[in-house]
Structures are given as structure tokens and as C-alpha cells.
*Asks:* 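I have a structure I would like to understand better, so I am pasting it below and will then ask my questions one at a time.
In what follows, every chain begins at residue 1, and chains take the letters A, B, ... in the order their sequences are listed.
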Protein chains: 2
Amino acid sequence: MDELDSAIVRELQADGRQSNRALAAKLGIAPSTCLERTRLLQRRGIIQGYRAEVSFKALNRSVQAMVFTQVRPLRRDVVTAFEQSVTQLPEVVSVYTMAGSDDFLVHVTAQDIDHLHAFLLDQFTNRREIIAFRTSIIYQHLTNPVLGPLPPAE
Amino acid sequence: MDELDSAIVRELQADGRQSNRALAAKLGIAPSTCLERTRLLQRRGIIQGYRAEVSFKALNRSVQAMVFTQVRPLRRDVVTAFEQSVTQLPEVVSVYTMAGSDDFLVHVTAQDIDHLHAFLLDQFTNRREIIAFRTSIIYQHLTNPVLGPLPPAE
DNA sequence: CCCGAACACCGAATTTGATTCGGTGCGACT
DNA sequence: AGTCGCACCGAATCAAATTCGGTGTTCGGG
């Protein structure tokens with residue numbers, strides 16, 4: 001993981017579909033070298049994959065919310081089952097499993113407030129393991145475009 | 001946005017780098033048609049871009065946390081400045097701007113607990129606009145692999 | 001200091017994919 | 001029935017990915 005690898009990772013985070021030749025040109029190395037590096041990054045698991053980023057609005061998801069959820073009992077099987085089933089609901093973007101007073105943060109999307117409400121009544125109110133949840137609307141979600149490696153400890 | 005477009009979006013979310021030919025073959029259409037569709041999806045802003053997904057551990061980020069942050073005064077300029085500057089810190093993955101008692105959720109990463117602590121002392125304790133923050137460790141972050149379009153209202 | 005192996009890199013040759021574009025069939029509207 | 005528009009297709013062309021043999025450099029013996 002030298003400076004060149006970092007640069008490759010940075011570039012591919014910004015644009016995961018730029019051609020290997022273009023990337024090589026930016027970095028001032030030969031395409032074959034660049035390809036070898038990139039493949040190694042993937043084989044080593046540093047680059048885990050490539051994803052298309054999709055507009056929520058285009059997917060008919062104008063409302064986003066975070067659902068702070070408490071589940072009991074906090075047994076492994078209950079926690080795992082909750083994570084798995086909730087993650088696969090179409091309205092759910094991601095699930096954070098947390099320490100602290102809320103066990104999970106569930107990032108959800110819906111067409112509008114009414115659908116959000118209906119979703120929560122259908123999927124959260126009913127579940128026996130959920131003992132409480134609070135919902136907060138997300139106004140905006142910004143993402144850091146470039147996650148570089150943090151410097152190693154000194 | 002017909003069924004075919006949805007399938008393209010779904011496939012490219014799963015693997016944003018598969019070749020146009022492979023994608024066309026999966027969908028049973030000609031590569032030229034598939035290319036036209038895909039480009040249209042991008043021109044319409046439905047596909048916003050392609051990103052490499054990178055392992056946190058490989059980037060020397062083993063600890064993740066969510067920082068629930070309250071900022072005052074809640075004026076536009078203060079909010080915007082906070083979002084912008086915090087999003088660009090290398091430890092910050094993303095920032096949710098929220099309704100409710102916490103104004104922001106800041107998803108952060110660090111090498112270890114000590115670095116997390118140092119980061120918070122350096123970047124959060126000092127800021128005049130931050131009046132309070134709580135930090136919770138994230139055990140796990142699961143993401144829904146396939147976000148399809150939600151059905152339109154009836 | 002010299003030799004040889006290991007390694008990273010390079011560039012030409014080949015294979016594969018992207019892109020273009022003229023043609024075709026189908027559905028809608030007249 | 002005619003014609004327009006549209007989506008799709010497939011062959012031809014262009015560009016990129018991939019392979020692979022060769023080269024320079026580093027590093028550890030000898």
C-alpha cells in the first residue's frame with residue numbers, strides 16, 4: 001500500500017469506471033502496470049467492488065429518515081435476524097448496529113411522509129422484538145468523496 | 001423507467017464494472033441497445049456515477065462511530081459551514097443533517113479508540129458552534145445491496 | 001565489490017469490448 | 001392503409017483490456 005496504490009484507490013473512488021488507460025495516464029505509469037496494481041488491490045480485498053450510485057429521487061424516494069431502534073432481548077440470534085431481515089426491506093438503505101442506548105440506526109427511504117408512516121406501522125410497530133423506536137427525518141446526507149488511508153500510528 | 005431500466009440499475013449497483021456486453025447478455029438485449037439505455041440513465045441523472053468500494057480495515061480504519069451533534073445557532077450559514085468543513089475531514093465518512101433533537105449525525109472512522117478520542121477532542125470539543133455531542137461505537141454497518149425503485153403511488 | 005534472484009515496471013501484440021450508424025419492425029395516430 | 005417516431009438490432013470500426021517477454025533496479029549472499 002504505497003503512495004501509488006493510494007492514488008489508484010482515490011481515483012477509483014471518485015470515478016470507478018474511468019478506463020485503465022486514463023488512470024495510468026493520470027498517474028504517469030504504463031497501462032499494464034496500472035492494471036496489475038488495480039487487480040492486486042482487488043485481490044487483496046482493498047477494493048471490494050464497484051457500485052453504480054443511484055439518485056434517490058429518481059427511484060421515487062424523496063423522504064429519508066433515520067429510525068433509532070431498541071430491540072430485546074439482545075441475544076445474538078435476535079440481533080442477527082433483525083439485521084438480516086431489515087436490511088433486505090426495499091425501503092431500507094442501511095443498518096448501523098450500535099453500542100449505546102439505541103441498538104440500531106436504520107436508514108430508510110420512502111416516496112413521501114405517508115408512505116414512511118405506513119412503512120413504520122407495517123414493519124416496526126408489529127415486530128415483537130422491537131420495544132421502542134424513534135424516527136427523525138434526514139434533511140440532507142453528504143458523503144466524503146475521497147476516503148484515503150489514515151496515517152499509521154507513529 | 002421501465003422494467004428494463006430497473007434491471008440495468010439493479011445490475012450496475014451490484015457490479016458497476018461489468019462489461020456492457022455481459023450486462024446485455026444477462027438482460028437478453030443487444031449490446032448497442034444496452035449501451036444506449038445505460039447512457040440515457042446516466043444523462044437523466046438516475047445513475048449518478050460509479051464508485052470503487054474500499055475496505056475500511058485496509059485503509060487503517062478499524063473503529064467506526066456515530067457522533068450525535070448539536071450546533072447553535074441553527075442559522076443557514078452556520079449549518080452549511082459545519083456540513084462542508086466536517087465532511088472533508090479525512091476521518092469523516094458522511095454527515096446526516098437531521099430534524100429532531102440532534103442536528104447532525106457524523107459517521108467517523110479511526111485507526112483505534114485512542115485516535116477516535118483524539119479526533120473528537122481536536123475537531124469537536126474546540127468548535128464554538130458545537131454545544132454538545134455524544135459518541136456511539138458502530139459494531140457493524142450493513143447496506144442493502146439492491147435499491148430498486150419504489151412503486152409509484154396508486 | 002560482484003553475481004544472481006526477485007521484483008516492479010514497461011511496451012508491443014493480441015484479444016476483447018465499446019461505440020457508431022444504417023437498417024428493420026412495431027405501434028400510434030391520421 | 002400510410003407514415004411517422006421509436007426502440008432495437010447487428011456489422012463495422014475504434015479503443016481498451018489483457019497478455020507476456022524483456023529490462024532495469026534492488027537486495028542478499030558470496
*Asks:* Return the set of residues passing side chain to side chain contact (heavy atoms under 4.5 Å, CB included) with B/Arg134 (not counting sequence neighbours), or none when no residue passes.
*Replies:* B/Phe68, B/Asp102
*Asks:* Using side chain to side chain donor-acceptor pair (under 3.5 Å) as the criterion, point out the one residue from B/His141, B/His107, B/Gln140 that pairs with B/Gln64.
*Replies:*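 So the option named by the test is B/His107.
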*Asks:* Taking A/Asn60 for the side chain and B/Pro149 for the main chain, is one N or O donor matched with an acceptor at less than 3.5 Å?
*Replies:* no
*Asks:* Hey, does A/Arg39 reach any base, or is it just sugar-phosphate, or nothing, if we go heavy atoms under 4.0 Å?
*Replies:* sugar-phosphate
*Asks:* In whole angstroms, how far is the P atom of D/dT18 from the CD atom of A/Gln42?
*Replies:*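 These atoms are roughly 10 Å apart.
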*Asks:* Please check if atom CD in A/Gln18 has more than 12 non-hydrogen atoms from other residues, nucleotides or ligands closer than 6.0 Å.
*Replies:* yes
*Asks:* Could you state the OH-P distance from A/Tyr50 to D/dA17, rounded to the nearest angstrom?
*Replies:* 11 Å
*Asks:* If I take atom CZ in residue B/Arg17 and atom P in nucleotide C/dG17, what distance separates them, rounded to the nearest angstrom?
*Replies:* 14 Å
*Asks:* Mind checking whether B/Glu129 and B/Val79 have side chains closer than 4.5 Å, heavy atoms only?
*Replies:*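 With C-beta onward as the side chain, the pair stays apart.
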*Asks:* Pairing donors with acceptors under 3.5 angstrom, does anything connect the side chains of A/Asp114 and A/His117?
*Replies:*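 No, A/His117 and A/Asp114 have no side-chain donor paired with an acceptor closer than 3.5 Å.
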*Asks:* Does A/Asp15 pair with A/Lys26 as a salt bridge, N-O distance under 4.0 Å?
*Replies:* no
*Asks:* For the pair made of CG in B/Leu40 and P in C/dT19, what is the distance, rounded to whole Å?
*Replies:*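 Whole-Å distance recorded here is 14 Å.
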*Asks:* Show each protein N/O and nucleotides 14-16 of chain C N/O combination with a separation under 3.5 Å, one pair to a line.
*Replies:*
none

*Asks:* Could you check how far CG of A/Asn20 sits from C1' of D/dA17, rounded to whole Å?
*Replies:*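 Whole-Å distance recorded here is 7 Å.
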*Asks:* To the nearest Å, give me how far apart CG (B/Leu23) and P (C/dT19) are.
*Replies:*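 In whole Å, C/dT19 P and B/Leu23 CG are 13 Å from each other.
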*Asks:* Check nucleotides 8-12 of chain C for protein N or O atoms closer than 3.5 Å to its own N or O atoms and list the pairs.
*Replies:*
| unit_1 | atom_1 | unit_2 | atom_2 | d |
| --- | --- | --- | --- | --- |
| C/dC9 | OP1 | A/Arg37 | NE | 3.4 |
| C/dC9 | OP1 | A/Arg37 | NH2 | 2.4 |
| C/dC9 | OP2 | A/Arg37 | NE | 3.1 |
| C/dC10 | OP2 | A/Ala30 | N | 2.9 |
| C/dC10 | OP2 | A/Thr33 | OG1 | 2.8 |
| C/dG11 | N7 | A/Ser32 | OG | 3.1 |
| C/dG11 | O6 | A/Ser32 | OG | 2.8 |

*Asks:* Indicate yes or no for a side-chain donor-acceptor contact from B/Arg61 to the backbone of B/Val108 under 3.5 Å, with no hydrogens or angles considered.
*Replies:* no
